[in-house]
Asks: 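I'd like to ask you about the structure that follows.
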Amino acid sequence: MTNATFHIVASPESWIEQAAVDQLHHTARLDDIDRVVGLPDLHAGRGIAVGAAFWSRSHVYPHLVGSDIGCGMGLWRSALPLRKFRLDAAERKLRGLDAPWSGDVAARLAEAGLAPDLAREALGTIGGGNHFAELLRVETLHGAGDAAVDPAALYIMVHSGSRGLGQTILDGHLARHNVDGLIAGEAACADYLAAHDHAMHWAVLNRELIAERFLDRIGTNGERLLDICHNSVTPHQGGWLHRKGAAPADRGLVVIPGSRGDMTYLVRPRLEQADVALHSLAHGAGRKWSRSEAKDKLVRRFSIADLERTKLGSRVICEDRDLIYEEAPQAYKDIHQVVRDLETAGLIDLVATLRPLLTYKMRRA
Ligand SMILES: Nc1nc2c(ncn2[C@@H]2O[C@H](COP(=O)(O)O)[C@@H](O)[C@H]2O)c(=O)[nH]1
Ligand SMILES: [Mn+2]
């Protein structure tokens with residue numbers, strides 16, 4: 001039995017798999033979960049649905065945040081005008097980015113208020129899975145607009161998280177408490193929250209360094225327009241708001257990417273209806289196929305070379321033969337429908353649509 005209120009933000013046109021809805025109901029039955037919200041990118045995860053927000057007045061549940069604490073999206077406007085950007089040259093220059101960053105890691109960690117040796121080897125690297133760095137340009141400016149969006153500029157979006165650090169924190173918690181919740185105010189909860197906040201700050205710094213490394217390789221720099229975490233637990237309305245693949249609607253502009261072969265939306269959250277969705281938004285399109293399904297379905301239909309170009313004409317650097325199939329655009333839901341659902345629910349205004357030019361996932365040294 002549960003007393004939690006349950007709401008899914010999605011129109012009948014949106015495809016939401018039953019397994020994900022079942023996972024939401026399962027989570028709603030945890031002790032003292034008061035509100036559960038599914039967003040239009042909802043899909044099944046490893047036990048916990050992704051594209052969801054959970055609020056508890058009294059408990060913090062680390063397994064609802066998951067292992068990639070602080071994972072999120074950052075967007076930078078580069079100083080390079082599009083007219084000077086050369087795709088072939090950029091593709092050649094984007095090398096050596098999976099190796100540890102050779103800059104002053106200790107100083108950057110200390111500046112961010114973190115221990116100077118915290119997960120230092122991984123800092124500034126993207127990691128695997130569906131993490132990426134992507135160069136984009138403005139496709140369309142919408143009515144809501146924003147002075148920071150210059151259609152003549154090149155942009156970079158970075159999706160990465162806390163790498164092994166978040167996993168270590170979750171593993172430590174599960175070893176001691178399994179999936180039991182932590183009672184807010186008790187020492188064990190404070191310890192988890194302190195480690196969680198370090199991982200969030202580490203992830204923000206990680207995205208910043210990735211963007212700097214990429215922009216440096218193509219001979220420019222940039223200004224950060226936004227950085228948002230979609231895996232987190234934060235204080236909210238006198239309780240605790242867990243976001244599992246859900247973008248915050250209370251921290252300014254948000255990017256909602258589709259896939260490497262589709263558009264990304266830059267949106268401004270609307271505050272009037274925000275509480276209905278626990279002040280959260282879709283964090284992407286959400287998966288339609290699991291990784292193994294994607295590989296099985298696509299491997300006979302497409303060569304690696306096919307997948308190194310997208311239907312939008314953008315390029316893909318991914319030298320992992322499995323990953324290039326697992327993360328193919330076909331594996332994701334329709335981003336345009338996801339964004340329409342958020343608009344229809346009165347949760348966002350569109351600012352701009354961005355088109356991918358080059359997506360970097362990994363390249364061997
Ligand atoms: N523009 C791109 N979007 C992508 C790519 N790979 C995935 N995605 C989208 O990002 C979210 C991230 O999901 P998460 O649960 O891992 O945080 C995903 O739902 C897709 O919509 C890409 O290469 N480029
Ligand atoms: Mn993520």
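The figures here come from the full heavy-atom set of this structure, side chains too, leaving out hydrogens, waters and symmetry mates. Everything numeric in this text was worked out from a predicted model, so none of it was measured. Start at 1 and go down the list; that is how both ligands and their atoms are numbered.
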Asks: Quick one: salt bridge (charged side-chain N to carboxylate O under 4.0 Å, His left out) partners of R163, sequence neighbours excluded?
Replies: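 Salt bridge (charged side-chain N to carboxylate O under 4.0 Å, His left out) check on R163 returns nothing, list empty.
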Asks: Mind checking ring-ring contact (aromatic ring centres under 6.0 Å, His included) for H198 and listing every partner two or more places apart, or none if nothing turns up?
Replies: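 H198: no ring-ring contact (aromatic ring centres under 6.0 Å, His included) contacts found.
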Asks: What do you reckon, does C71 have a nitrogen or oxygen under 3.5 Å from a nitrogen or oxygen of ligand 1?
Replies: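 Not met; the criterion fails.
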Asks: So, D275 and R35, do they make that salt bridge, N to O below 4.0 Å?
Replies: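 Yes, this pair counts.
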Asks: Determine whether the side chain, the backbone, both or neither of S259 has a heavy atom under 4.0 Å from any heavy atom of ligand 1.
Replies: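 It is the backbone that touches ligand 1; the side chain stays farther off.
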Asks: Could you pull out all residues at least two apart from D146 that satisfy salt bridge (charged side-chain N to carboxylate O under 4.0 Å, His left out)?
Replies: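 Per chain and number, D146 pairs via salt bridge (charged side-chain N to carboxylate O under 4.0 Å, His left out) with R268.
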Asks: Would K361 count as being in polar contact with ligand 1, using the rule that some N or O on each side must be under 3.5 angstrom apart?
Replies: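 N/O-N/O distance below 3.5 Å does not exist for this pair.
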Asks: Which protein N, O or S atoms lie under 2.8 Å from the Mn ion (ligand 2)?
Replies: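 Only C71 SG, H159 NE2, H230 NE2 fall inside 2.8 Å of the Mn ion (ligand 2).
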Asks: Tell me, which protein residue and heavy-atom name are nearest atom 9 (C) of ligand 1, and how many Å apart are they?
Replies: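 The closest one turns out to be G258 O, 3.6 Å.
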Asks: Short N/O distance, under 3.5 Å, between T359 and ligand 1?
Replies: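 T359 vs ligand 1: no N/O contact under 3.5 Å.
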Asks: Could you see which bit of H159 sits under 4.0 Å from ligand 1, with heavy atoms only: side chain, backbone, both or neither?
Replies: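 Near ligand 1, H159 shows its side chain, while the N, CA, C and O stay back.
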Asks: Using a strict 4.0 Å cut-off to heavy atoms of G286, name the atoms of ligand 1 that fall inside it.
Replies: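 Matching atoms, with element in brackets: 19 (O), 21 (O).
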Asks: Considering the heavy atoms of M157, write down every atom of ligand 1 situated less than 4.0 Å from one of them.
Replies: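 Contacts of ligand 1 toward M157, numbered from 1: 1 (N).
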Asks: Do me a favour and list the nearest non-hydrogen protein atom to atom 15 (O) of ligand 1 with residue, atom name and distance?
Replies: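 Closest protein heavy atom to atom 15 (O) of ligand 1: H283 NE2, 2.7 Å.
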Asks: Please find out if less than 6.0 Å separates the ring center of Y360 from that of F214.
Replies: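 Judged by ring-centre distance (under 6.0 Å), Y360 and F214 do meet the cut-off.
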Asks: With nothing but distance in play, are any N or O atoms of N130 less than 3.5 Å from an N or O of ligand 1?
Replies: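 Looking only at distances, the answer is yes, because the N/O contact criterion of under 3.5 Å is met.
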Asks: Identify whether the distance between the nearest side-chain nitrogen and carboxylate oxygen of E139 and R137 falls below 4.0 Å.
Replies: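 R137 and E139: salt-bridged.
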Asks: Going by an N to O cut-off under 4.0 Å, is there a salt bridge joining D98 and R363?
Replies: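 Salt bridge: no.
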Asks: Do R108 and E212 sit within salt-bridge range, that is, some charged N less than 4.0 Å from a carboxylate O?
Replies: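 Yes, R108 and E212 are salt-bridged.
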